[in-house]
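One structure is given here, and the rest of the page talks about it.
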Amino acid sequence: MSVRTRFAPAPSGSLHVGNVRTGLFSWAFARHHGGEFILRVEDTDASRVTEQAVHGVMESLHWLGIEWDEGPDVGGPHAPYRQSQRTAVYHEQAERLVERGDAYRCYCTPEELEAQRAAALTRGVPSGYDGRCRRLTAAEQSAFGREGRPFALRFAMPDRQIVFDDLVKGEVRFAAGSLRDFVILRSDGSPTFLLAVAVDDMLMEVTHVVRGDDLLDSGPRNAAVIEALGGTPPHYAHVPQVLGRDGKPLSKRHGSTSVEAFRERGIVPEALMNYLALLGWSKDAETTFLSKEDLIESFDLSRVSSNPAAFDEKKLEWMNNHYIQRLDDDDLAARCMHFFSEEGLLPEPKTLREAMPIVKERMTTLRESVGLLRFLFTDDVEPNERAAELIAKAGTDYLRSVADALETVDPWEVSGVTEALDVAATAAGLNRREGWQPVRAAVTASNVSPPLPESLALLGKERTMTRLRAVAGQ
RNA sequence: GGUCCCAUCGUCUAGUGGCCCAGGACACCACCCUCUCAAGGUGGAGACACGGGUUCAAAUCCCGUUGGGACUACCA
């Protein structure tokens, strides 16, 4: 039987990197085994889900390079793939559970439940539903029924020790009674996550469930429901959570951690995928760089770490720079274009592409290309503070001499520009650092820029001369 | 409180009883290269949470402690 895995995000907000990391593992595992990967939208709590959020999740996945074989947009043999559209299926299966005696009506009101919880807590006994409605006599049942008292449907957990075998955690044992009877159908008739997930995984023939270990306790519950329904539970792999810098599980309060936010910062998808793959998994002791194909080829659930991993932005940025350096100039320029237009700049594509070689090792994100190359695409250049100091210190006489030297350069190429720059500096008794920095400041308006001769060559003779003469007071 | 999970450099990790007075990567420090900033090169500092066992031998196995985390909902 071929491997079938799924990724089932609850699109209540944006897809954050902790979630996609789990999705990535699930996807990589399926691809490694030549199996299918399913995208399923977990929206039993429909109130929190918007169309836009669902769309956003798919966008993020596409951008990262994770593609699915079955899902809400592409359909598939087990459609629909949105839980909110599958309520009839859940009711049908819930009914079967009742018939088999594996689910029962619970007439406890929220107030009663709350009181039971409070009482259990003060007495120091285990909290959680005590299963009292499971023991209701037929007479009591019909009495409640006649009252018209609302009821929820609870699943009756088998009353025995449960041994749960997890692909990442190993064997996990739960003593009899420690896993309480849980609600599968609310009193308003809506299904809960615990029912929906089990039913879907069974019906969609999922063979391996890869998800966060915050759901480890749901594993045996999901499996019990599937078994009660006569199905064979999938294998489960509960992977550890991704933590923030502070060691707490990653969440909104850690700032912009959504896939979309990284994209907007100029992180390239290759880098994010590579970084995420190594968060909680490793190929071996040495491997740091993995392409999508490498990942598929070598991914293995057995090498997923069992302890939680903290997200390290610095390492992501370092890796991003690594990938940027290796992108070809056309590709890189095309990717940077978006960030320029966002700042109201409209670079000439050819010039932008020609500038890539001198900035690629200098940017850790695509967005940084804008700051590095702004001087090329606008003549509205006001020297920053450090640049102004450099210009003032050098004096107009020196800058004028540089302008004069550059005036004779023909053709306007890197070698000729370098030579002229050196001639002017030497004549003034300055070394390169002393002689070039003021020129950099005058032309790029900054004390930091890509290599100077290359920058001037790209800018062109006319614009270079104009800026120098302006600053030199001519 | 109860149940469950987790514990190697600051961070991600290698390590499945001897190859480890613990290897790699990011970050950090120093030096080299150098027109600024980067990139690159070389070198350095830096960890087996603690306490008991088991064993000829333990980062690796067992128990306990401590510390994190999840669950304990008619949330997912």
Side-chain angles (χ1 to χ4, degrees), chain A residues 8-10 12 42-45 48 106 108-110 113-114 117 120-129 150-154 164 166 168-170 172-175 177-180 182-188 190 192-194 196-197 212-220 238 240-241 243 245 247-249 275 278-289 303 305-319 321-322 325 358-364 368 372 386 390 418 421-422 425 431-437 439-441 444 446-453:
Chain A
S12 48
E42 213 114 291
D43 55 353
T44 48
D45 186 17
R48 298 201 308 209
C106 172
C108 296
T109 64
L113 258 14
E114 184 48 49
R117 234 190 320 276
L121 218 56
T122 53
R123 276 185 300 150
V125 300
S127 62
Y129 186 64
F151 61 87
L153 223 51
R154 278 186 194 271
F164 181 72
D166 190 89
V168 171
K169 305 288 183 183
V172 184
R173 288 163 185 279
F174 296 87
S178 66
L179 259 15
R180 301 318 188 90
F182 52 90
V183 171
I184 55 175
L185 234 43
R186 303 186 183 97
S187 53
D188 67 357
S190 64
T192 63
F193 154 88
L194 256 3
V197 167
D213 70 0
D214 51 327
L215 261 23
L216 181 58
D217 292 340
S218 319
H238 287 94
Q241 304 279 83
L243 313 176
R245 259 298 193 195
K248 304 283 182 199
Y275 176 73
L278 260 21
L279 244 201
W281 173 81
S282 62
K283 181 184 177 189
D284 51 44
E286 317 292 325
T287 306
T288 301
F289 300 109
R303 287 191 64 85
S305 165
S306 58
N307 46 314
F311 194 88
D312 183 353
E313 300 244 352
K314 280 276 178 42
K315 190 160 182 175
L316 205 215
E317 287 182 351
W318 164 79
M319 190 163 271
N321 171 266
H322 171 91
Q325 284 195 55
I358 62 171
V359 291
K360 50 168 55 168
E361 71 257 32
R362 269 165 255 268
M363 47 173 159
T364 92
E368 286 170 9
L372 254 11
R386 292 284 299 114
L390 284 163
T418 304
L421 249 17
D422 279 339
N431 61 26
R432 275 190 171 179
R433 180 196 183 100
E434 298 158 335
W436 291 22
Q437 276 299 83
V439 182
R440 165 172 280 120
T444 72
S446 171
N447 55 311
V448 176
S449 85
L452 193 57

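Throughout, a chain's letter reflects where its sequence line sits, starting with A, and its residues are numbered from 1.
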Please measure how far the C1' atom in B:rU3 lies from the corresponding atom in B:rU8, and state the result in whole Å. 28 Å
Looking at A:Glu317 and A:Lys314, is any side-chain nitrogen of the basic one under 4.0 Å from a carboxylate oxygen of the acidic one? no
So which nucleotide does B:rC9 pair with, by the Watson-Crick or G-U wobble rule with both distances under 3.5 Å? none
Please list, chain by chain and in numerical order, all residues satisfying side-chain hydrogen bond (donor to acceptor under 3.5 Å, both in side chains) with A:Thr288, sequence neighbours excluded. none
Please evaluate the base of B:rC6 for a donor-acceptor partner in the side chain of A:Ser306 within a cut-off of under 3.5 Å? no
Watson-Crick or G-U wobble partner of B:rA70, both distances under 3.5 Å: B:rU3
B:rA49 to B:rC6 separation - P atoms, rounded to the nearest Å: 15 Å
Among the nucleotides B:rC6, B:rA76, B:rC74, which one has an atom lying closest to any side-chain atom of A:Ser218? B:rA76
Name the nucleic acid region contacted by A:Leu113, choosing base, sugar-phosphate or nothing; use a 4.0 angstrom heavy-atom cut-off, strictly under. base
Check every atom of B:rA38, B:rC6, B:rA39 against the side chain of A:Arg362 and return the nucleotide holding the closest atom. B:rA38
Distance between P atoms of B:rC50 and B:rU66 (Å, rounded): 16 Å
How many Å lie between NZ on A:Lys360 and C1' on B:rA38, as a whole number? 14 Å
Taking the P atom of each, how far is B:rA73 from B:rG67, in whole Å? 25 Å
For the pair made of CZ in A:Phe289 and C1' in B:rC12, what is the distance, rounded to whole Å? 13 Å
Which letters describe nucleotides 15-35 of chain B, given B = protein heavy atom under 4.0 Å from base, S = only from sugar-phosphate, - = neither? S-------BSBB--------B
Take nucleotides 62-70 of chain B nucleotide by nucleotide from the 5' end and write B, S or -, depending on whether a protein heavy atom sits under 4.0 Å from the base, only from the sugar-phosphate, or from neither. -------SS
Side-chain N or O of A:Arg173 closer than 4.0 Å to phosphate OP1/OP2 of B:rC4: no
For a quick check of understanding: with a heavy-atom distance under 4.0 Å over all strands, which category does A:Cys108 fall into, base, sugar-phosphate or nothing? base
Residues that A:Pro9 engages under side chain to side chain contact (heavy atoms under 4.5 Å, CB included), provided they are two or more places apart: A:Phe7, A:Leu15, A:Leu39, A:Val57
Using the P atoms only, state how far B:rC5 lies from B:rA57, rounded to an integer number of Å. 30 Å
Contact class for A:Gln325 vs. all strands (heavy atom < 4.0 Å): base, sugar-phosphate, or nothing? sugar-phosphate
Counting the atoms with a prime plus P, OP1 and OP2 as sugar-phosphate, which does A:Gly280 contact under 4.0 Å by heavy atoms, base, sugar-phosphate, or nothing? sugar-phosphate
Is A:Arg117 close enough to B:rA73 that one of its side-chain N or O atoms is under 4.0 Å from OP1 or OP2 there? yes
Can you name the side-chain hydrogen bond (donor to acceptor under 3.5 Å, both in side chains) partners of A:Asn307, sequence neighbours left out? A:Ser305
Going by the rule ring pair (Phe, Tyr, Trp, His ring centres under 6.0 Å), which residues pair with A:Phe151 if we only count those two or more places apart in sequence or in a different chain? A:Tyr107
Using heavy-atom distances to pick each residue's nearest nucleotide on RNA chain B, tell me which of A:Val183 and A:Ser449 is more 5'. A:Ser449
P gap between B:rU16 and B:rU60, integer Å: 12 Å
Give the rounded distance in Å between these two atoms: CD of A:Glu361 and P of B:rG40. 9 Å
Taking the nucleotide of RNA chain B with the closest heavy atom to each, which residue, A:Gly170 or A:Ala309, is nearer the 5' end? A:Gly170
Taking any strand in view, what nucleotide pairs with B:rA47 in a Watson-Crick or G-U wobble way, both distances under 3.5 Å? none
Complement of B:rU60, any strand, by Watson-Crick or G-U distances under 3.5 angstrom: none
Applying side-chain hydrogen bond (donor to acceptor under 3.5 Å, both in side chains) to A:Ser449 and not counting sequence neighbours gives A:Arg440
Listed by chain and number, what are the side-chain hydrogen bond (donor to acceptor under 3.5 Å, both in side chains) partners of A:Gln241, not counting sequence neighbours? none
Quick one: A:Phe193 CZ to B:rC71 P, roughly how many Å, whole number? 11 Å
Under the side chain to side chain contact (heavy atoms under 4.5 Å, CB included) rule, collect the residues that match up with A:Asp422, sequence neighbours excluded. A:Thr418, A:Arg432, A:Trp436
Considering every strand shown, what is the Watson-Crick or G-U wobble mate of B:rA38 when both distances are under 3.5 Å? none
